2 protein chains.
Amino acid sequence: MPQETCLCIDLRTAANKLTQVYDQAMAPSGISVTQFSQLHTIQTLQGPTLKELAAASQLDRSTLGRNIRVLEKQGLVVTKTGHDARTRTIHLTAKGKQTFKNAVPLWLGVQSQLIERLGISGRGQLKDLLTTLTAPLAPNL
Amino acid sequence: MPQETCLCIDLRTAANKLTQVYDQAMAPSGISVTQFSQLHTIQTLQGPTLKELAAASQLDRSTLGRNIRVLEKQGLVVTKTGHDARTRTIHLTAKGKQTFKNAVPLWLGVQSQLIERLGISGRGQLKDLLTTLTAPLAPNL
DNA sequence: CTACATTATGGGTATATACACGCATTATTA
DNA sequence: TAATAATGCGTGTATATACCCATAATGTAG
C-alpha cells in the first residue's frame, strides 16, 4: 500500500552508493571516506576525548570507540589517558597526518565533481533538506 | 583544509539519524525500517530470487543474502529452491505478511510527519537531488 | 556429449553502526 | 570523610553493508 518510497530507505540507498564512490576514489590513499572524516575531526578538535569526538561526529560512543580501534590498528591514531583517568584522548600519528594529507586531493576530486553536478543552489538545498529532516531528531547537541 | 563539509558524510549522518527515528517508531511492530522495506519489496516482486531482490534493493547480493537470513530466522520469510536449482526464491510467511501489515501504520506515521515537514516541493527536490547525486554511479539498472 | 564458460549463491573477512549493561573513576552530598 | 550519584568507556550482541573467492549448477561450443 505505501506507493510512496520510504524517505529513510531513499537516504540510506543514496548514502550507500555515495560511500562506494568516495571509497573507490580514495582507495589509493588507503583510507575510506568515513576514516577520512574521522581523521579530519580528530585533527580539528586536537586530541578530543572519545565522547567529544562522538558528539562531533554524531555517532554513538561505542561505535566511535570501535572505529577508533581500527584507526589505531592501522597506526593512524594513538590514544592517551587524559587528565581524568576515565577519559582517553585521541591523536593523529605522523602516519595519520600524512595519510590524511595524501587523501585530501582524492577526496576533493570526488567532492568537487559532485558539487559541480548539483550546482551551488542544489548543494544548499540538499543541506537545508537534510537539516530539516534531521532537525526534530537531534535538537539538543 | 576542506572547509566544505563532505557530502557523503552529510548523507550518511542524515541516513543514520533518520534510521533511528524510523526504527524507534516502528519498534512495536518488531521490525526495523530496513526489514520493512525488504518485506515490502519481496511482496511486490512475489517470490524474487536473491539476485532480483538485491537488484531491486540496490544492495550487494551477499548483503542481501545475510539480511534475508535474519528475516528467515525470525520466521518472516522462507526460501525455496526455484526451477533452476541454483536459485533460491524468497517468500513471505503468514507471520511475515501480518508483521508487515502491522508495521504499515507505524511507518506511515513517521513518513507522513516528515513529508509534511519537508513540504511537497521539498520532497520532490530531495528526490531529484539524490537522483542527481547517485546517477553517475548506477546509470545501468 | 564433453570441456569450458556463465550464473547464482554462500562463506570469509572487515568496517560501520546502535543499544543495553557493567565497571572503574570522579564528583557530590550528607 | 564516607556513601552515593554521575560520568566515561568498554564489551556483548546484533544488524547492515561490501568485497573477494569458492562452489555448485546451468548453458554453450566444439
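Keep in mind that this is a model prediction, so the values were computed, not measured. Throughout, a chain's letter reflects where its sequence line sits, starting with A, and its residues are numbered from 1.
Atom pair B:His83:NE2 and C:dT7:C1' shows a separation of 17 Å (rounding to whole Å applied). If you measure from atom CG of A:Asp23 to atom P of D:dA18, you get 11 Å, rounded to the nearest angstrom. Between the C1' atom of C:dA16 and the CG atom of B:Leu11 lies a distance of 16 Å, rounded to the nearest Å. Between the C1' atom of C:dT9 and the CD1 atom of B:Ile68 lies a distance of 13 Å, rounded to the nearest Å. Note: CG (A:Asp84) to C1' (D:dT7) measures 8 Å, nearest angstrom. Atom C1' of nucleotide D:dA14 and atom CD of B:Gln74 are separated by 10 Å, given to the nearest angstrom. At whole-Å resolution of the value, CZ in B:Arg69 and P in D:dT15 are 12 Å apart.
Within 4.0 Å of B:Thr19, counting heavy atoms only, lies no atom of the nucleic acid at all.
Within the structure, every side-chain polar atom (N or O) of B:Lys73 is placed at least 4.0 Å from both OP1 and OP2 of D:dA14.
Side chain to side chain, B:Gln38 and B:Ser57 fail the donor-acceptor criterion of an N or O pair below 3.5 Å. At a cut-off of 3.5 Å, with distance as the only test, no side-chain donor of A:Asn16 or A:Gln20 sits close to an acceptor on the other residue.
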Contact state string [nucleotides 17-22 of chain C, B base, S sugar-phosphate only, - no protein heavy atom under 4.0 Å]: BBB---
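Among C:dT9, D:dA25, D:dA16, the nucleotide with an atom closest to any side-chain atom of B:Ala85 is D:dA25.
Scanning atom types as modelled, one donor and one acceptor separated by under 3.5 angstrom connect the side chain of A:Arg86 and the base of D:dT7.
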If you look only at distance, which donor and acceptor atoms sit under 3.5 Å apart when one is on a side chain in residues 6-15 of chain A and the other is two or more places apart or in another chain?
| unit_1 | atom_1 | unit_2 | atom_2 | d |
| --- | --- | --- | --- | --- |
| A:Asp10 | OD2 | A:Thr5 | OG1 | 2.8 |
| A:Arg12 | NH1 | B:Thr19 | OG1 | 2.9 |
| A:Thr13 | OG1 | A:Ile9 | O | 2.8 |

